[in-house]
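Structure first, then comments.
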Protein chains: 2
Amino acid sequence: MPLRTGHGSRRTVRDLRAANRARVLRHLYFHGPLSRHELAGATGLSQASVSNVAGELLDDGVLAEAGLVESDGGRPRVLLRVDPGHAAVAGVDVGETHVLVEVFDLTLTRLAMTTFPVEPGAQSVDTVVRRVTAGLTRCLADSGVERDRVLGVGVGVPGLVEQGPEPLVHAQTTGWDGVPLHRLLAASTGLPLHVDNGANTLGQAEMWFGAGRGARDAVIALIGSGVGASVVADGTPYRGASGGAGEWGHTTIALDGRTCRCGARGCLEAYVGAAGVLDRYHEAVGARPVEVDQERALRDLVALADTDARARAVLEETARCAGAGVANLINTLNPERVIIGGWAGLLLGERLLPGIRAAAAEHALRRSFQRASIDLCELGPESVALGAATLPVAEFLAAGGVRAASATRSTG
Amino acid sequence: MPLRTGHGSRRTVRDLRAANRARVLRHLYFHGPLSRHELAGATGLSQASVSNVAGELLDDGVLAEAGLVESDGGRPRVLLRVDPGHAAVAGVDVGETHVLVEVFDLTLTRLAMTTFPVEPGAQSVDTVVRRVTAGLTRCLADSGVERDRVLGVGVGVPGLVEQGPEPLVHAQTTGWDGVPLHRLLAASTGLPLHVDNGANTLGQAEMWFGAGRGARDAVIALIGSGVGASVVADGTPYRGASGGAGEWGHTTIALDGRTCRCGARGCLEAYVGAAGVLDRYHEAVGARPVEVDQERALRDLVALADTDARARAVLEETARCAGAGVANLINTLNPERVIIGGWAGLLLGERLLPGIRAAAAEHALRRSFQRASIDLCELGPESVALGAATLPVAEFLAAGGVRAASATRSTG
DNA sequence: ACGCCTTACTTCAAGACGTGATTCAAGCGA
DNA sequence: TCGCTTGAATCACGTCTTGAAGTAAGGCGT
């Protein structure tokens with residue numbers, strides 16, 4: 001008895017209207033200014049319905065007219081577009097070393113940002129909540145956006161987010177175990193909240209505006225100090241049964257291999273994570289790891305590879321492992337696109353991509369490999385907040401341009 | 001620009017009715033006889049709508065009344081159920097050694113079956129098409145089902161099925177490369193056809209009637225001579241971009257490990273597939289593999305493990321590898337259930353399950369592992385045809401009890 | 001300047017649907 | 001036989017989409 005009956009709203013004739021509003025609105029959001037006529041063709045609705053729905057959306061201020069296009073010998077068509085100023089959203093990146101808050105307009109153009117550095121390992125829940133709240137207030141002031149024009153706040157956090165009636169955050173690195181960040185922030189900001197794994201939000205940013213545009217089945221593979229992935233299946237992010245999907249880094253690629261910080265042996269992360277790569281180099285040259293900035297160390301290693309054979313060998317091995325890992329993704333998920341990102345991924349990517357592709361070709365089944373492209377992220381690792389801001393927008397679009405009830409505002 | 005506008009039908013007010021018919025029908029199909037009253041509660045529809053919809057479905061003969069239940073002191077409630085005799089479906093298992101055709105009633109009770117042995121390696125497309133057609137004709141005769149009462153034919157084939165406007169079958173083992181089996185069988189049977197990977201159809205059988213009942217996110221891991229998996233995400237089978245999802249067997253678990261028949265090194269299949277297990281034993285004892293029945297050989301090996309340390313070691317290693325493979329599934333997909341099947345999986349399973357669980361616990365992230373159960377299939381490896389028969393039924397349910405237009409019958 | 005043509009958009013009447021309230025049906029107990 | 005309770009059908013109402021008919025807005029030829 002699968003296929004749960006799923007109370008997927010659409011039951012009454014009004015839900016139908018909501019769905020059609022969403023149809024029109026979403027198409028307009030992603031496919032730019034369009035006339036009512038084109039919209040009818042694209043959405044499959046009749047012109048009459050498009051006119052009705054568009055009229056409503058114009059009245060609500062969600063859409064705006066965007067100029068005329070002359071049609072040869074007839075009445076010019078009026079272009080419609082989503083009004084960027086209709087509402088704003090906030091995106092937050094709760095990272096291991098900083099808290100970044102950004103405010104965007106409805107089309108996700110950035111209006112303001114604020115960063116707080118965080119002493120590593122010192123992210124108490126309380127601190128994070130205070131910083132987010134403060135950052136949000138400051139960003140709203142800087143951008144001149146009134147609080148009640150904000151659709152919602154998306155937050156990308158490190159670690160696993162268990163979605164549910166009360167979403168809980170579990171993060172090894174910060175020692176959070178079942179933190180109801182959602183509730184805490186909703187209380188302190190008074191805005192609708194969306195919390196998700198930072199890897200997932202970054203993945204969403206790539207899907208909307210980066211290398212994932214237009215793809216329906218994709219995996220965004222993120223290589224930083226650790227390694228993770230964001231899985232997109234049938235056009236929507238896939239989180240698994242309890243939010244833990246995409247833990248690519250702790251996938252075993254070498255039985256009895258190197259010990260990973262998670263305690264297991266042979267995890268991909270132990271080979272291709274920045275820490276793993278540096279460790280392997282230090283072992284190769286017999287040197288003790290110097291405690292400096294990991295990013296700088298990795299950059300040095302890449303530079304060194306031009307002249308030093310041992311460094312080159314470590315990087316080649318990294319590409320081989322990453323390629324095998326990518327092949328595993330391709331074999332189990334058969335995506336049309338694998339997108340490699342994360343600061344280390346981008347740092348290494350330029351140089352390693354051919355090697356990764358070759359190794360993936362070797363380990364993946366031919367047909368699935370051929371159908372998948374392997375590329376680098378286009379947006380850089382700073383887009384966690386942008387991706388987080390995507391979440392309230394997605395909800396807004398799915399609701400047909402109707403705002404979610406906020407935490408404090410009454411639902412009525 | 002993800003989230004394609006997706007012409008997901010529901011646009012007009014009639015689509016709404018169709019969706020609500022599907023809602024009621026599906027609930028009734030999986031949750032047994034229910035009264036209109038209970039149905040209203042479960043589907044979220046008003047009693048009036050349930051009455052209307054149920055009335056239509058009764059008129060169409062899809063539903064039937066199934067007795068009364070006395071309600072204390074009031075009018076007894078009439079139970080409704082899907083009429084098993086309303087229609088029939090066929091399921092076909094195109095295996096490497098046989099072609100099995102079965103006919104079921106609408107509730108998937110088997111009415112008739114026919115098997116044809118196939119000389120290994122001799123499955124020409126032509127032969128398969130002839131056998132399926134003949135088997136179907138015979139089964140229909142045996143069960144007394146008229147051809148036009150058959151909703152459709154589901155076919156499970158070995159290898160990859162690329163869904164699309166014209167589904168194509170690619171199978172290494174039979175040498176099929178882009179065979180339009182769908183079209184060929186539709187032409188020769190004159191019935192609506194559904195072709196899918198046998199692993200997927202078997203997975204569907206487990207999801208509907210076996211160990212997967214009630215799960216929303218699951219993986220059915222199949223271990224035979226080769227190794228595959230069927231991925232169920234959000235309640236529906238996930239096929240990836242081109243039907244290649246779930247190729248678990250060719251996932252790398254040991255870089256530079258054993259050579260797999262796919263040509264790559266370190267594939268899971270080379271360790272836990274029946275052939276791989278037997279090879280490893282033969283290498284361990286230094287014996288040349290005797291060419292006998294693989295199933296018998298594996299059974300012997302399991303028996304031998306009671307007394308022979310080397311056999312035991314091979315099986316323990318198998319459990320370790322399988323556990324790592326399962327852990328990889330858990331880490332990437334975070335299912336709530338991993339179900340192990342396939343003839344070798346079931347043969348080894350009883351003995352190896354504790355070892356597999358232990359190894360999976362070691363290699364999977366704790367939280368995801370805790371949320372996942374690891375169990376054996378309940379239906380046995382013969383349920384490929386049953387699962388295949390599931391496909392036309394699923395379509396029928398999704399359409400709200402309206403039959404698909406057949407290949408030959410006119411669409412109008 | 002005028003009329004005509006083309007194209008874009010809006011209005012309108014018809015058909016269809018779900019819902020809540022109301023009415024009908026069916027059994028039970030006194 | 002008469003309430004009483006509960007299940008199921010009917011009805012009026014509001015809402016929705018749609019195709020067709022009507023209206024707006026511009027170009028072009030005379």
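Sequence lines set the chain letters: A, B, ... in the order given, protein chains first and strands last, and positions in each chain run from 1.
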Closer to the 5' end of DNA chain D via nearest nucleotide, is it A:Val50 or A:Arg14?
A:Arg14
If I take atom NE2 in residue A:His37 and atom P in nucleotide D:dG19, what distance separates them, rounded to the nearest angstrom?
14 Å
Rounded interatomic separation in angstrom, taking CG from B:Leu79 and C1' from C:dA26:
15 Å
Atom CZ of A:Arg11 and atom P of C:dA16: how far apart are they, to the nearest Å?
23 Å
Atom-to-atom span, CD of A:Gln47 to P of D:dA24 - whole angstrom
17 Å
A:Asn20 CG to D:dT15 P: how many Å, rounded?
17 Å
Counting only side-chain nitrogens and oxygens, does A:Thr12 get under 4.0 Å of the OP1 or OP2 atom of C:dG18?
no
Nearest to the side chain of B:Ala48, heavy atoms from C-beta on, is which of D:dA25, C:dT10, C:dT19?
C:dT19
Return the value, rounded to whole Å, for the distance between atom CG of A:Leu34 and atom P of C:dC9.
11 Å
According to a strict under-4.0 Å criterion, is B:Arg77 in side-chain N/O contact with OP1 or OP2 of D:dG7?
yes
For A:Asn20, the side-chain hydrogen bond (donor to acceptor under 3.5 Å, both in side chains) test, sequence neighbours excluded, returns none
In A:Asn334, A:Val231, A:Asp234, the residue satisfying side-chain contact (heavy atoms from CB on, under 4.5 Å) with A:Asp217 is A:Asp234
So, is A:Ser51 near the phosphate of C:dC9, with a side-chain N or O under 4.0 Å from OP1 or OP2?
no
How about B:Arg77 and B:Leu68: do any of their side-chain heavy atoms sit closer than 4.5 Å?
no
Can you list the residues that meet the side-chain hydrogen bond (donor to acceptor under 3.5 Å, both in side chains) rule with B:Arg75, with sequence neighbours excluded?
none
For A:Ser46 and D:dT17, is the shortest distance between a side-chain N/O and OP1 or OP2 below 4.0 Å?
no
Heavy-atom nearest nucleotide on DNA chain C for A:Val13 versus B:Arg75: which residue maps closer to 5'?
A:Val13
What is the separation between atom CD on B:Glu38 and atom P on D:dG7, rounded to the nearest whole Å?
9 Å
Please classify the nucleic acid contact of A:Val78 as base, sugar-phosphate, or nothing, using heavy-atom distances under 4.0 Å.
sugar-phosphate
I want to confirm an ordering. Mapping A:Leu68 and A:Leu16 to their closest nucleotides on DNA chain D, which one lands closer to the 5' end?
A:Leu16
Rounding to a whole Å, what distance do you find between B:Arg17:CZ and D:dT17:P?
17 Å
Do side-chain atoms of A:His194 reach the backbone of A:Ala388 as a donor and acceptor pair under 3.5 angstrom?
no
